[in-house]
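Read the structure below first, then the notes.
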Amino acid sequence: QVQLVESGGGLVQAGGSLRLSCVASERTSYAMGWFRQAPGKEREFVAGDTWNGGATYYAESVKGRFTISRDKDKNTAYLQMNSLKPEDTAVYYCAAGTPLRIGVPGAYDYWGQGTQVTVSS
């Protein structure tokens, strides 16, 4: 059972940056995904990679602003978020698994508890 712990959320002004971290309890060969959920909305895909980090995928709304990466030696995945907008405000979750479809939340096996990101205008 892999445990994931996110950190790095907070309050930032529009145009600012944050870097989210997701530490896994053990070394994994899972694909990693980042999702977010705003109040009253469904959880949506933000970014993901393949098990070896060889390919990355992004939602259109964050493409060019967010970057997913991972440090295998630290069992940590990152989401660098630049040029943040108020509409990026949400709870951000990391997930791990062997998804057949990178962007589908139900395809992931393990989830973190989430970290709040608030972008003020």
Side-chain angles (χ1 to χ4, degrees):
Q1 184 85 8
V2 176
Q3 294 182 333
L4 304 175
V5 179
E6 302 101 332
S7 62
L11 173 64
V12 63
Q13 289 188 334
S17 298
L18 284 174
R19 188 177 78 159
L20 305 184
S21 299
C22 174
V23 180
S25 58
E26 60 189 65
R27 182 180 291 271
T28 75
S29 58
Y30 293 125
M32 298 296 296
W34 287 94
F35 293 78
R36 67 187 181 187
Q37 188 165 18
K41 295 188 177 181
E42 293 187 353
R43 191 166 299 189
E44 66 173 359
F45 171 74
V46 175
D49 70 5
T50 50
W51 69 272
N52 61 356
T56 56
Y57 305 88
Y58 298 93
E60 284 298 321
S61 59
V62 307
K63 199 172 291 184
R65 300 188 297 122
F66 291 11
T67 303
I68 186 173
S69 63
R70 63 165 84 192
D71 184 332
K72 294 180 180 179
D73 291 336
K74 296 182 178 179
N75 298 338
T76 301
Y78 302 98
L79 184 68
Q80 178 67 44
M81 306 187 296
N82 299 328
S83 302
L84 283 161
K85 305 175 181 180
E87 51 264 43
D88 294 319
T89 295
V91 177
Y92 283 70
Y93 300 88
C94 67
T98 54
L100 295 179
R101 297 175 63 185
I102 296 287
V104 176
Y108 290 79
D109 301 304
Y110 306 103
W111 289 84
Q113 82 288 351
T115 185
Q116 175 71 46
V117 171
T118 303
V119 184
S120 63
S121 58

Same apolar cluster (I L V M F W Y, side chains within < 4.5 Å links), Val117/Tyr78: no
Mutual orientation of the aromatic rings belonging to Tyr93 and Trp111 [parallel < 30°, tilted 30-60°, perpendicular > 60°]: perpendicular
Non-hydrogen atoms of Ile68 and Met32 that approach each other most closely: CD1-O, 3.9 Å
Distance-minimising heavy-atom pair for Glu60 and Lys63: OE2-NZ, 2.7 Å
Heavy-atom closest pair, residues Ser121 and Pro86: CB-CG, 3.8 Å
ILVMFWY network linking Tyr110 to Ile102, side-chain heavy atoms under 4.5 angstrom: no
Polar side-chain atom of Thr50 near backbone of Ala55 as donor-acceptor pair, under 3.5 Å: yes
Ring geometry between Tyr92 and Phe66 (parallel below 30°, tilted from 30 to 60°, perpendicular above 60°): tilted
Qualifying side chain to side chain donor-acceptor pair (under 3.5 Å) pairs with a residue from residues 9-23, counting only residues at least two apart or across chains: Ser17-Asn82
Verdict with reasoning, Thr89 to Gln116, per side-chain contact (heavy atoms from CB on, under 4.5 Å): CA-CA 8 Å; Thr89 295; Gln116 175 71 46; 4.0 Å; yes
Between CG on residue Leu18 and CG on residue Leu79, distance to nearest 0.5 Å: 9.5 Å
Pairs flagged by salt bridge (charged side-chain N to carboxylate O under 4.0 Å, His left out) wherever residues 73-90 is involved - sequence neighbours left out: Arg27-Asp73, Arg36-Asp88, Arg65-Asp88
Any Leu20 side-chain heavy atom under 4.5 Å of Glu6 side chain: no
Sole candidate of Tyr57, Tyr108, Phe35 that passes ring-ring contact (aromatic ring centres under 6.0 Å, His included) when paired with Phe45: Phe35
Val46 vs Tyr58 side-chain heavy atoms within contact, under 4.5 Å: no
Linked, directly or transitively: Trp34 and Leu4 (ILVMFWY side chains, under 4.5 Å): no
Heavy atoms of other groups near Gln3 CD, more than 12 under 6.0 Å: no
